[in-house]
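Chain A is the first sequence line, chain B the second, and so forth, proteins listed ahead of strands; every chain is numbered from 1.
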Amino acid sequence: MRILRYIGRRILFVIPQLFGIILVSFFLVKLIPGDPAVMMLGPTASAKSLMELRDRMGFTKPLLTQLMHYLHDVVRGDLGTSWQTTQPVTEDLFQRFPATLELISFGLLLAILIGFPLGVAAARLKRGPIRKFADYYGLLAGAMPDFWLALVLIYVFYTTLNWIPAPLGRIDMAVLPPEIITGSMVIDSLIAGDMDALWSSFGHLVLPVLTLGLINAGPILKMTQSTVERTLDSDFVRYADMCGLPRRVVLRQAVRAALPSIITIVSVLYGFLIGGAVLVEIVFSWGGAGQYAVQGVLNADLNPVLGFVVFSAVLSLIIYLLVDLLYFALDPRTRA
Amino acid sequence: MTGVPAAGSAILEVSDLWVGFPSYREQTLHALKGIDLRIEAGEMIGLVGESGSGKTTLARAIMGLVPPPGVIERGRVLFNGRDLSAQSDAARRSVLGRELTMVIPNPRAELNPVLSVGRQISNIAFYHLGVSRQEADRIALDMLRAVHIPDPERRFNAYPHELSGGMAQRVVIAIALVCSPRLVISDDATSGLDVTVQAQVLDLLQTMVREKGAATLFITRDIAITAHFCSRIAIIYAGEVVEIADRRRFFARPGHPYSIMLLAAFSHNPALRARWTRAEEIAGATPSTGCAFASRCVRRQTRCLNEAPSLRPLASGHAVRCHFPVEAQA
Ligand SMILES: Nc1ncnc2c1ncn2[C@@H]1O[C@H](COP(=O)(O)OP(=O)(O)OP(=O)(O)O)[C@@H](O)[C@H]1O
Ligand code: SF4
Ligand SMILES: [Mg+2]
């Protein structure tokens, strides 16, 4: 019951939060240099037609009026059109967000698979090769730019070894993509039982996921290591040791106590990567939402940028709500 | 084994135990300096000393778990004939929590915050007694009943933060006694509770320990508590046992100036208190050669500064570490 009340309250808060986010990003986006009218009509357009276009798009009105118009549309689910794709932004984003989410979901999953066990092992063994490796790994992953690692991986696995298809998009041009169900091309191919599509989409997914996984395993490893180290040092673990509980049971309890912090870092990374994976998207021509937003910024196409912000905000809010629910499930103290 | 009677079968034998905490900057801190202590099966012994005197360090050393960077420098501890510090981690774990258990002072911080208390008792039974999970749960419920937790079926599923301090302390007692141990170490177990609850919990601990026939090492800073149920009293000061005696003898004829100072602190007679408490301590008056208590002692003489006293028998079952013990008082 408490949980339902809590969710209700959270959802109520989402509305002012979203409003604030739109407000701030609206004015920030308006600061982007470049005249959309010039971009659309080209450098040879006459002053008169430029004026007309600006007028038609509402750019001559005061900013506040423009904002009111935008909000008015957003409330009805209309995020405007992109002049580059000439499509409604909502439609564009619904096409591109699944690509980004597939990429960062699998990327983070791999990051957890690497970072979590390594972090636990490093926390347990205060010295020795595993600890050393974890220390260097954390340092290296923190220092290495993701796009650079992506290029190295492409050079090794595509250019040199040729194990992997060309880093262009999510699936071979020649292969028919599966029917969209979850939005993840790999999972959808699996559901459709389409082996060609599965093989091709998997091949395209490997390197970008490896890139994101290897880089983001760093912070997950560090967070796991430091929190598990702290819980292993805590009063209740010392007491469990004095009670002679088996070592593995005590370790399990310590890791369990560290889970909230680990979930937090994963959720923060997830929220960050929605926009933060854009360089990896670009390197692999992924056609994701981040890439779409950057194209918008570069071409003074403002609706895609704002639309991306709104989508990311909603998604982040959903993620944080899920995280809070996980806390509820994990820690009885939050339920009291 | 100076001055300690050797009768019955010892469950615990501490002989000449030195524990030190090495430090990079300063000299090694010797938390325990040659402790001798023998506990007979089923006996209840009180260990009294002020903060920092080494009580917890002794408890940890008995369990074979001297906290790092501490090391046993000399001597040994035999629990039931075995030296726990020399055993493998797994072998030690099979003794701790089953034959040798601990009652801790601050249960709401030391119980696992995300496990129900019933589960935590049940875990001990499950891992130590080799019973099924259902059986362990049943035993745990019985224990909750035995330590007089009201509405035990419901409380079984409560989390530590949902219990009062006194109730959490009862849970810890249940954990300590669920496997019918040979020795229970209670370290400052009731210091966080208010006086009435403290008395109830102490009563319970005493009854439960008697029922199970366990020996008890009852560690406290409060000498008054020991008067009620310990059969012997040991006073520890700066890592040394300075006096040890049967309860009657101790409270009737305390011999060490420090013991008398502790007792006088509880007296309603301010003159008595003043007589046994040195007005101001003398800085640097505790040379490494002399008596550790010299700087605070009202009976100090020149000899005390030059020669460290040893623990000498004063009467049968009564030993004092003092050059000038207080002999039979009126
Ligand atoms: N982990 C440690 N590292 C360094 N020194 C320590 C450590 N644990 C204890 N000591 C030192 O050993 C001495 C004895 O400490 P101990 O905790 O045994 O005292 P205590 O009698 O239990 O005190 P209290 O009544 O406050 O619990 C103290 O001087 C303390 O500073
Ligand atoms: S030896 Fe001397 S200083 Fe030490 S307790 Fe006895 S009388 Fe006091
Ligand atoms: Mg202590």
Side-chain angles (χ1 to χ4, degrees), chain A residues 1-3 6 116 120-128 131 223-224 226-264 323-336, chain B residues 56 59-60 62-65 67-68 84 87-117 119-129 157-163 171-172 174-176 178-179 181 184-185 187:
Chain A
M1 272 315 98
R2 259 187 62 85
I3 295 186
Y6 176 81
F116 178 71
V120 172
R124 267 184 62 183
L125 314 162
K126 292 237 153 77
R127 61 202 70 198
R131 176 61 171 250
M223 181 59 106
T224 307
S226 68
T227 35
V228 172
E229 233 163 53
R230 205 173 50 230
T231 53
L232 276 176
D233 216 32
S234 65
D235 288 345
F236 82 83
V237 164
R238 209 187 35 189
Y239 179 54
D241 276 334
M242 289 196 237
C243 287
L245 290 177
R247 213 173 134 74
R248 73 194 139 81
V249 175
V250 179
L251 182 68
R252 207 190 308 137
Q253 291 188 356
V255 170
R256 167 79 163 66
L259 276 188
S261 307
I262 299 168
I263 290 170
T264 304
V323 166
D324 281 344
L325 292 181
L326 272 177
Y327 288 166
F328 260 128
L330 281 175
D331 191 342
R333 281 166 299 184
T334 59
R335 279 175 249 150
Chain B
T56 300
R60 300 294 300 262
I62 291 171
M63 291 187 285
L65 295 173
L84 288 183
Q87 297 206 301
S88 73
D89 183 66
R92 182 167 48 239
R93 279 175 200 272
S94 72
V95 174
L96 296 181
R98 191 174 63 175
E99 293 174 64
L100 169 56
T101 67
M102 185 84 186
V103 180
I104 45 163
N106 190 8
R108 273 187 295 184
E110 306 205 29
L111 289 169
N112 189 331
V114 302
L115 285 182
S116 73
V117 293
R119 182 66 176 208
Q120 297 192 50
I121 304 172
S122 157
N123 268 346
I124 305 290
F126 181 71
Y127 289 111
H128 282 313
L129 302 179
N157 293 312
Y159 292 95
H161 72 273
E162 295 169 330
L163 301 184
V171 170
V172 168
I175 287 178
V178 64
C179 297
V184 178
I185 302 175
D187 186 0

- Message: Heavy-atom cut-off 4.5 Å, strictly under: side chain, backbone, both or neither for B:V95 against chain A?
- Response: neither

- Note on the structure: Under 4.5 Å to a heavy atom of chain A? For B:R92 that would be neither

- Query: Side chain, backbone, both or neither: which part of B:N106 has an atom under 4.5 Å from a heavy atom of chain A?
  - Reply: neither

- Atom group of A:V249 that falls short of 4.5 Å from chain B, counting heavy atoms: side chain

- Message: Is any side-chain heavy atom of A:Q253 closer than 4.5 Å to one of B:V114?
- Response: no

- Query: Out of curiosity, B:E110 CD to A:M242 CE, how far, rounded to the nearest 0.5 Å?
  - Reply: 6.0 Å

- Residue pair A:F236 / B:L111: nearest heavy atoms and the distance that separates them: CB-O, 3.6 Å

- Between B:P113 and A:P332, which heavy-atom pair has the shortest distance, and what is it? O-CG, 3.4 Å

- Task: Mind checking the CG-OG1 spacing from B:N112 to A:T231? Nearest 0.5 Å is all I need.
- Result: 10.0 Å

- Determine whether B:E162 and A:R333 make a side-chain contact, defined as any pair of heavy atoms from C-beta on separated by less than 4.5 Å. no

- Message: What's the separation between atom CG in A:L245 and atom CZ in B:F126, rounded to the nearest 0.5 Å?
- Response: 11.0 Å

- Message: Determine whether B:R93 and A:V250 satisfy the following criterion, side-chain contact (heavy atoms from CB on, under 4.5 Å), listing intermediate values before the conclusion.
- Response: CA-CA 11 Å; B:R93 279 175 200 272; A:V250 179; 3.8 Å; yes

- Please check if the side chain of B:H128 supplies one atom and the backbone of A:C243 the other of a donor-acceptor pair under 3.5 Å. yes

- Note on the structure: So CG of A:D241 and CE of B:M102: to nearest 0.5 Å the spacing works out to 13.0 Å

